[in-house]
Number of protein chains: 2
Amino acid sequence: MKKYSEILKQSSLFAGISEEELFPMLKCLEAGSASYKKNQFIYHMGDQVENLGMVAFGSVSIIQEDFWGNRNIVSKIMPGQLFAETYACTPQVPMKVSVLTDEPTTVLFFNAGRVLTTCPSSCTFHSRLIRNLVSTMARKNLMMNEKIAHVTQRSTREKLLSYLSAEAIKKGCSTFEIPFNRQQLADYLSVDRSAMSNELGKLRDEGLLEFRKSEFTLLE
Amino acid sequence: MKKYSEILKQSSLFAGISEEELFPMLKCLEAGSASYKKNQFIYHMGDQVENLGMVAFGSVSIIQEDFWGNRNIVSKIMPGQLFAETYACTPQVPMKVSVLTDEPTTVLFFNAGRVLTTCPSSCTFHSRLIRNLVSTMARKNLMMNEKIAHVTQRSTREKLLSYLSAEAIKKGCSTFEIPFNRQQLADYLSVDRSAMSNELGKLRDEGLLEFRKSEFTLLE
DNA sequence: TCCTTTTTGTTGTAAAAACAACAGAATTAT
DNA sequence: ATAATTCTGTTGTTTTTACAACAAAAAGGA
């Protein structure tokens with residue numbers, strides 16, 4: 001567990017919790033760890049889970065699959081970030097998404113019931129932990145709001161402009177790198193890849209933007 | 001405040017909190033109330049808010065507006081349910097949605113900072129309150145996941161079937177009432193109303209479903 | 001290096017959606 | 001009860017997207 005102390009201290013879940021509090025706390029939370037290869041499932045759609053995960057090394061994608069196996073990337077989780085905390089907080093609800101590694105990945109697991117139930121002996125750290133979890137969930141909520149804002153645009157063009165302008169604002173620069181390749185971006189925006197590539201070409205021809213691989217520049 | 005005790009006791013935020021704890025708690029949370037007419041804004045897009053709201057009587061819609069004023073219904077909030085708790089938990093982030101009454105409505109407001117900051121004198125109720133907020137946010141998260149599942153379907157037909165089958169499962173019956181009229185459903189699914197009506201007609205002609213006003217029946 | 005695989009851009013065609021316009025039904029107000 | 005307003009379904013036209021197929025470019029492996 002010692003090797004994870006850096007990532008734990010930097011994570012938003014354990015923000016403001018001192019190192020001496022950290023390790024007793026991990027035991028209380030029934031913390032565990034596991035390592036995975038690239039493209040391995042950590043959780044499957046339909047699972048009922050009690051543990052929330054934190055990516056220690058590597059990265060995972062949250063994906064949604066329909067009956068015929070069409071995949072949609074909901075989000076990408078980087079080191080220090082949590083996943084499945086929503087389902088771990090409502091353990092009776094079967095997961096509607098799967099968690100899949102993008103690369104070799106190590107994950108830490110925490111029992112959500114333990115996080116949410118204060119034990120008399122350690123009320124202060126529990127309170128802090130819960131508050132951290134609340135703001136993490138609030139931020140995740142805002143991310144989903146943002147995705148909804150993009151995918152509810154009516155045309156591929158509007159979806160692209162909505163996403164790209166939001167990225168530019170987020171990065172504070174008209175030139176920025178996106179964390180998706182073309183197929184992943186099309187999946188995220190829920191459009192056809194070739195139609196999206198075509199639309200990107202038109203936007204470039206019309207002088208609204210430039211791009212090279214995953215680097216985009218919004219113009220004027 | 002007494003007149004709200006029924007709705008407060010039934011709300012998920014105050015679940016498990018006894019009546020004698022309730023009123024001291026409300027004062028500590030800086031609780032307030034306000035009444036609104038139909039179609040009045042409670043919060044506007046761009047507001048930075050510290051108070052989360054609970055509908056006491058009536059109902060409100062969470063709506064998203066783009067630059068040209070096109071509206072999209074994100075969700076509908078009924079008595080006892082919370083709204084704006086995400087923004088109240090991240091008060092530095094401007095709201096990307098507005099809150100608009102659907103009918104004459106009374107709202108209770110609670111200061112989110114007070115909810116999230118335990119005061120030494122009343123640690124137990126704060127802890128309970130925070131845990132209630134966590135599961136409320138988790139449930140809201142799942143609702144957004146569900147909406148994303150619908151709107152990321154590629155065609156109007158698939159969006160309709162995704163939404164309607166989810167409603168049927170939720171209500172546990174193949175015949176059910178939806179809380180939207182046609183325009184609201186089209187806004188929720190982010191499609192054109194007339195194209196959606198047209199598609200509903202085709203689905204009915206093909207024998208997949210029946211409907212009368214807002215009552216739907218899924219067949220076979 | 002060369003070969004293989006993956007990613008990206010492009011095009012033509014078929015299908016679907018958006019849009020506009022309108023008529024009938026239902027609801028609300030007077 | 002009647003008029004006005006809102007809601008819903010329908011149709012034809014225009015625009016957009018999905019789909020399929022393929023070639024060029026880039027990335028990765030032997």
Side-chain angles (χ1 to χ4, degrees), chain A residues 37-39 61 66 68-73 102-104 150-164 177-217, chain B residues 37-39 61 66 68-73 100 102-104 150-164 177-206 208-217:
Chain A
K37 296 176 187 168
K38 182 175 175 175
N39 288 327
S61 282
D66 69 13
W68 299 272
N70 301 314
R71 287 185 183 179
N72 175 42
I73 298 177
D102 291 332
E103 55 188 306
H150 302 322
V151 299
T152 55
Q153 297 296 314
R154 300 311 172 87
S155 65
T156 299
R157 162 175 293 236
E158 285 173 310
K159 287 174 189 174
L160 278 168
L161 292 175
S162 174
Y163 171 73
L164 293 172
E177 189 95 9
I178 67 169
F180 295 129
N181 66 27
R182 292 290 181 277
Q183 185 60 60
Q184 291 173 323
L185 178 58
D187 286 346
Y188 177 76
L189 295 178
S190 203
V191 296
D192 178 74
R193 182 199 59 77
S194 71
M196 187 191 77
S197 262
N198 188 286
E199 200 62 47
L200 279 172
K202 287 184 195 169
L203 288 166
R204 185 193 50 208
D205 295 346
E206 292 172 29
L208 278 84
L209 52 78
E210 291 170 354
F211 54 89
R212 248 195 57 222
K213 291 170 55 184
S214 294
E215 184 186 275
F216 287 79
T217 301
Chain B
K37 295 176 188 166
K38 182 176 175 174
N39 288 326
S61 282
D66 69 12
W68 299 271
N70 301 315
R71 287 185 184 178
N72 175 43
I73 298 176
L100 182 63
D102 291 332
E103 54 189 306
H150 302 324
V151 299
T152 55
Q153 296 296 314
R154 300 310 172 88
S155 66
T156 298
R157 162 176 291 238
E158 286 173 310
K159 287 175 189 174
L160 278 168
L161 291 175
S162 174
Y163 171 74
L164 292 172
E177 190 94 9
I178 66 170
F180 296 129
N181 66 27
R182 292 291 182 277
Q183 185 61 60
Q184 290 172 324
L185 179 57
D187 287 345
Y188 176 75
L189 295 178
S190 203
V191 297
D192 178 73
R193 182 200 59 80
S194 72
M196 187 191 77
S197 261
N198 188 286
E199 199 63 44
L200 280 172
K202 287 185 196 169
L203 288 166
R204 185 194 48 208
D205 294 346
E206 293 173 28
L208 277 83
L209 50 79
E210 291 170 356
F211 54 89
R212 246 196 59 223
K213 290 171 56 183
S214 294
E215 184 186 276
F216 287 79
T217 302

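First the proteins, then the strands, lettered A, B, ... as listed; each starts at 1.
Here the side chains of Lys202(A) and Arg157(A) are in contact, with some heavy-atom distance below 4.5 Å. In this structure, Leu185(A) and Leu160(A) have side chains that are in contact, with non-hydrogen atoms separated by less than 4.5 Å. Using a 4.5 Å heavy-atom threshold, the side chains of Leu161(B) and Leu203(B) count as touching. Side-chain contact between Pro104(B) and Lys37(B): absent, with no pair of heavy atoms (C-beta onward) separated by less than 4.5 Å.
Between the CZ atom of Arg212(A) and the C1' atom of dG9(C) there is a distance of 16 Å, rounded to whole Å. At whole-Å resolution of the value, CG in Leu185(A) and C1' in dT8(C) are 13 Å apart. In this structure, Gln184(B) places its CD atom 12 Å from C1' of dT6(D), rounding to the nearest Å. For the pair Phe211(B) CZ and dT8(D) P, the interatomic distance rounds to 11 Å; values are reported in whole Å. Note: CZ (Arg182(B)) to C1' (dA25(C)) measures 13 Å, nearest angstrom. With rounding to whole Å, Arg204(A) atom CZ is found 11 Å from dT8(C) atom C1'. Atoms CG (Asp187(B)) and P (dA18(C)) sit 12 Å apart, rounded to a whole Å. Spacing between atom CD of Gln153(A) and atom P of dA17(C) amounts to 18 Å, rounded to whole angstrom units.
Relative to the axis of its first five pairs, the axis of the last five pairs of the helix from dT1(C)-dA30(D) to dT30(C)-dA1(D) sits at 60°, rounded to 10 degrees.
Looking at Glu158(A), its side chain does come within 3.5 Å of a backbone N or O of Ser155(A) through a donor-acceptor pair. A distance-only check finds a donor-acceptor pair linking the side chain of Arg182(A) to the backbone of Lys213(A) [under 3.5 Å]. Checked by atom type and distance alone, the side chain of Ser214(A) pairs as donor or acceptor with a backbone atom of Phe180(A) at under 3.5 Å.
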Exercise. Where along nucleotides 12-30 of chain D does protein come under 4.0 Å, by heavy atom, of base (B) or sugar-phosphate alone (S), with - for untouched nucleotides?
Worked result: -----SSBB------S---
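For the residue pair Ser162(A) and Gln153(A), the shortest heavy atom distance occurs at CB-CG, 3.8 Å.
In this pair, Tyr163(B) and His150(B) present their aromatic rings perpendicular. The plane angle is above 60°, beyond the 30 to 60° band.
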